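Structure record follows, encoded as structure tokens.
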Amino acid sequence: MKAFRFASIVVLAFAGFGVAQATTLDEVKSNGYIRGASANEVPYSFMDENGSAKGIGPDVAAAVLKTMGVSEVDWSVTPFGSLIPGLKAKRFDFVAAEMNILPDRCKQVAFTEPNSSYGEGLMVPTGNPKKLHSYEDIKKDPSLKVAIVSGADQLDFLHGLGVPDSQIVMIQANADALSTIQTGRADAYAATELTVAQLVKGATGVEQAEPFSDPVIDGKPARSYGGFDFRLEDKDLLDAFNKALVEFKKTDDYKKILTSYGLSPESVEAARTKKTADLCAGK
């Protein structure tokens with residue numbers, strides 16, 4: 001009996017060892033802070049010259065967490081492509097990078113309701129010598145190269161339009177986009193409209209392609225809806241944050257944050273009305 005009892009304890013111990021330990025709101029409050037991740041992409045989430053987290057995600061997160069009784073966020077900067085792996089590895093508790101809510105991502109992490117909405121854009125050399133005004137224009141000429149950030153949604157958009165990998169140049173961060181275009185490594189940089197608008201400010205040798213037509217994938221305009229992401233097992237923390245976020249989105253303060261970073265009133269309203277359940281279902 002003793003041998004059997006010991007063996008049972010060992011089996012139970014190993015079984016428990018493999019179960020992910022959920023992080024709860026009570027645990028966060030007990031610690032006195034929560035760990036957040038930024039991708040350092042203006043204007044979605046970035047660190048300013050003082051080392052403070054700014055942007056649509058961090059600003060809204062700070063306001064929402066304050067209503068939840070959490071006043072301190074320990075921020076870390078992570079390449080966009082490493083955000084989901086880092087979250088799942090528990091290097092931080094949530095991601096505030098306005099990550100587009102997509103069905104494949106919904107299988108890996110738990111998203112809040114949308115916090116923002118935005119369209120697409122292209123950064124091109126000054127004068128737009130290749131006359132690029134859409135992602136479809138890149139497909140028309142096999143000699144063209146388009147740069148995107150590794151792990152970004154633009155890969156899905158380009159693939160959806162039939163642009164092959166041979167025309168796509170992967171870069172690690174938005175900060176690499178300027179030199180990629182200026183040196184001719186790529187003919188254009190594909191990103192969201194806000195990202196492109198921020199990058200061309202004060203920069204030489206580049207401009208935002210205008211006019212620009214958003215890509216249409218499977219009959220639907222490629223409009224992105226950014227949200228905060230949590231680990232799948234952290235349901236208590238997600239539910240508490242989501243409830244507070246939904247209430248904050250009803251306020252003028254929410255609208256002021258988004259419009260201060262360049263989002264239109266129409267985009268703010270789109271973020272207020274779209275549902276994550278529909279986005280995760282591909283609707």
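Keep in mind that the numbers below use all heavy atoms, side chains included, and drop hydrogens, waters and symmetry copies. This one's a predicted model, so the numbers in the text were calculated from it and none came from an experiment.
With hydrogens and angles ignored, the 3.5 Å screen pairs a side-chain donor or acceptor of Lys29 with a backbone N or O of Met68. No donor-acceptor pair closer than 3.5 Å links the side chain of Gln182 to the backbone N or O of Ala177. The main-chain N or O of Cys280 is never found under 3.5 Å from a side-chain atom of Lys107 such that the two would form a donor-acceptor pair. Of the possible polar contacts, none joining the Thr112 side chain to the Asn242 backbone as a donor-acceptor pair under 3.5 Å is found. For the pair Asp141 (side chain) and Ser143 (backbone), a donor-acceptor distance under 3.5 Å is present.
Distance CD/Glu120 to CZ/Phe157: 4.5 Å, rounded to 0.5 Å. In this structure, Met123 CE and Glu193 CD are separated by 15.5 Å, a value rounded to the nearest 0.5 Å. In this structure, the separation between CG on Asp26 and CG on Asp236 is 6.5 Å, given to the nearest 0.5 Å.
When each of Val169, Val149, Ile171 is tested with Asp176 by the rule side-chain contact (heavy atoms from CB on, under 4.5 Å), just one qualifies, namely Ile171. Test Leu238, Val109, Leu83 against Asp229 for side-chain contact (heavy atoms from CB on, under 4.5 Å) and you get one pass: Val109. Each of Gln198, Met47, Lys201 was evaluated against Val42; a single residue qualifies, Gln198, per the side-chain contact (heavy atoms from CB on, under 4.5 Å) test.
Side-chain atoms of Arg272 and Ser117 include no donor-acceptor pair closer than 3.5 Å. Donor-acceptor pairing under 3.5 Å is lacking for the side chains of Glu207 and Thr126.
Within the structure, the side-chain hydrogen bond (donor to acceptor under 3.5 Å, both in side chains) test picks out the following pairs touching residues 56-79 (sequence neighbours left out): Asp59-Tyr261. Residue pairs that meet the ring pair (Phe, Tyr, Trp, His ring centres under 6.0 Å) test with at least one member in residues 98-142, sequence neighbours left out, are Tyr44-Tyr118, Tyr135-Phe212.
Using cut-offs of 30° and 60° on the angle between ring planes, the pair Phe241 and Phe94 is tilted.
By the rule that hydrophobic residues join a cluster once side-chain heavy atoms approach within less than 4.5 Å of another member, Leu245 and Met99 end up as members of separate clusters. Phe80 and Met170 are not part of a single hydrophobic cluster, where members link through side-chain heavy atoms under 4.5 Å apart.
The residues Arg105 and Asp153 are annotated as salt-bridged, a charged nitrogen and a carboxylate oxygen being separated by less than 4.0 angstrom. A salt bridge links Lys130 to Asp187: one of the charged nitrogens lies within less than 4.0 Å of a carboxylate oxygen. Using a cutoff of 4.0 Å between basic side-chain nitrogens and carboxylate oxygens, Asp137 and Lys140 are scored as salt-bridged.
Residues Phe230 and Asp93 are not in side-chain contact: their nearest non-hydrogen atoms beyond the backbone lie 4.5 Å or more apart.
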